[in-house]
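Working notes for the structure below.
Heads up: numbering here begins at 1 and tracks the sequence. Since the structure is predicted, the reported quantities are computational estimates derived from the model, not experimental observations.
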Amino acid sequence: MKVLFIVTGRGLGGDAMVALNTMKALEKKGVECELALDESAPGILFDKNGYSWYKISIPQAGGHSATKLSAIKGALKLIPASFKARSAIKKSKADFVVGVLGGGAIVGSLGAKLARKPGFSLISTPLDSSVCPKFNYSYVLPELDKFRWEKLPKNMEKAFYPLADNIGDGDSSKALEKLKEYSNFDESKKTIVFSSGSSIFKGMLDAINKVSSITDEYNLVLVGLPLHEEYSQLIDREKIVYVGYINWINHLFKFADLTVLTDDGVSLEEAFTCGKPIIALTRVKWGRYQNMKEVFRGAMIESEVEDVYESINEAFENYDSLQKKALVYGKQCMEAADNLADDMLERLG
């Protein structure tokens, strides 16, 4: 059996990780996986994992930040994009299709319909959640407000983000070895990881700089690549341990005492699998508010950027109860990829 994944984004960040982890789960069950990305996507994550891809068109309307204008512009590009997706589906000889998030989910749904193949969608935005369930079965991910509904509309089901098998196997000693390479790392201090995913947003820089200006009590470790080149100038490498874009985040989460993350995406679940409480910074990414505290109750503290230092103090004061809940959610999240793959295959019969 073969599946074609149609994935939104650049093939680098959270969208790509969701797709890759679902692919790996299906491959364990004997399914051959191929993928298609937008022709402009560098696909770094997939390239590093030995995958090639079909180059198609995947319009984006802006995800959670979509406006009426951006949605209309995206819709106008959907028809040709869907036919390109159909061609890729036919060329791959896939038995079914999985569309991943936003434009990838929508193009995957329409392309599968045109190619007369079964399809599934992983959805997380208002637009993909309104379109995809009309064409195929859809899995609602935690960012979407519907995840917090007690009862979902027809053709939808909740799913935590699928995670890599090894994410819960972090080794603190490996992270320590890496961190010792930085002259401003102090092994005697507690360590706090700051990350907004593969890209560093301005709000995350404001948060870590605020903490560094108040105290030198912690190792402040910053992960990711600046979203804009000029953001590099805002990283104080004397006060901040800047590790860049890394492939050892599981080791780092395991080693860290606390994480400060944006309130979205795979990183939240990855930190939970390592048993780490989270400070979830709100409105860092395009002003969005995801209300993740209602998904992961008792395991995180939400905070505005300007309140991050006070929130860190609160987290350490309530550390044991936060960590206990984090471990509960971590176990559920670790099972998400296999549960998702099993459900898809069961529905295919």
Side-chain angles (χ1 to χ4, degrees), residues 1-60 63 81 84-109 111-112 115 117 119-125 128 139 141 143 159 161-167 195-200 223-225 227 244-250 264-267 269-270 336-338 340-341 344:
M1 183 177 285
K2 180 186 285 190
V3 58
L4 180 70
F5 277 72
I6 296 179
V7 187
T8 197
R10 299 179 296 160
L12 172 64
D15 298 339
M17 187 61 72
V18 168
L20 180 64
N21 293 340
T22 310
M23 290 166 65
K24 295 291 188 183
L26 285 167
E27 285 174 345
K28 286 193 301 183
K29 301 175 190 304
V31 180
E32 183 182 351
C33 298
E34 294 188 348
L35 70 143
L37 302 173
D38 187 79
E39 55 196 2
S40 66
I44 294 172
L45 181 64
F46 296 111
D47 186 50
K48 286 185 175 181
N49 282 272
Y51 292 94
S52 58
W53 55 89
Y54 297 96
K55 294 183 178 181
I56 63 172
S57 176
I58 303 179
Q60 296 190 57
K84 286 185 179 181
R86 183 187 69 168
S87 297
I89 294 166
K90 288 184 173 292
K91 188 173 181 180
S92 73
K93 298 181 180 179
D95 297 292
F96 67 105
V97 178
V98 177
V100 182
L101 306 177
I106 295 172
V107 170
S109 288
K117 296 291 183 180
F120 297 101
S121 302
L122 305 184
I123 58 177
S124 68
T125 71
D128 62 21
Y139 298 94
L141 298 177
E143 285 182 34
Y161 285 105
L163 301 179
D165 284 342
N166 68 341
I167 192 64
S195 175
S196 50
S198 58
S199 298
I200 303 174
V223 178
L225 298 175
L227 183 62
Y245 182 76
I246 60 174
N247 62 2
W248 45 281
I249 191 70
N250 57 334
D264 67 328
V266 177
S267 294
E269 295 187 9
E270 291 177 339
D338 285 333
L340 186 58
M344 288 181 183

Can you tell me how far [atom2] of [Y] sits from [atom1] of [X], rounded to the nearest 0.5 angstrom?
| X | Y | atom1 | atom2 | result |
| --- | --- | --- | --- | --- |
| I106 | I58 | CD1 | CD1 | 11.0 Å |
| N49 | M23 | CG | CE | 8.5 Å |
| I56 | S87 | CD1 | OG | 9.5 Å |
| N21 | E269 | CG | CD | 10.0 Å |
| L163 | N250 | CG | CG | 11.0 Å |
| K29 | M344 | NZ | CE | 12.0 Å |

S92 side chain vs A94 backbone, donor-acceptor pair below 3.5 Å: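 Yes, S92 side chain to A94 backbone: donor-acceptor pair under 3.5 Å.
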S267 side chain to E270 backbone, donor-acceptor under 3.5 Å: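 Flag not set: sc S267 to bb E270 has no pair under 3.5 Å.
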[X] atom [atom1], over 12 foreign heavy atoms within 6.0 Å:
| X | atom1 | value |
| --- | --- | --- |
| K93 | NZ | no |
| K55 | NZ | no |
| K91 | NZ | no |

Residue from L37, L20, L101 passing side chain to side chain contact (heavy atoms under 4.5 Å, CB included) with D15: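 Single pass found, and it is L101.
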Aromatic ring pairing F46/Y51, orientation class (parallel under 30°, perpendicular over 60°, tilted between):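 Because their plane-to-plane angle is over 60°, the rings of F46 and Y51 count as perpendicular.
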Contact check, side chains of T8 and D128, non-hydrogen atoms, under 4.5 Å: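 T8 does not reach D128 side chain to side chain.
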Member of K84, E34, E39 meeting the side chain to side chain donor-acceptor pair (under 3.5 Å) criterion with Y54: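 One option only clears the test, and that one is E34.
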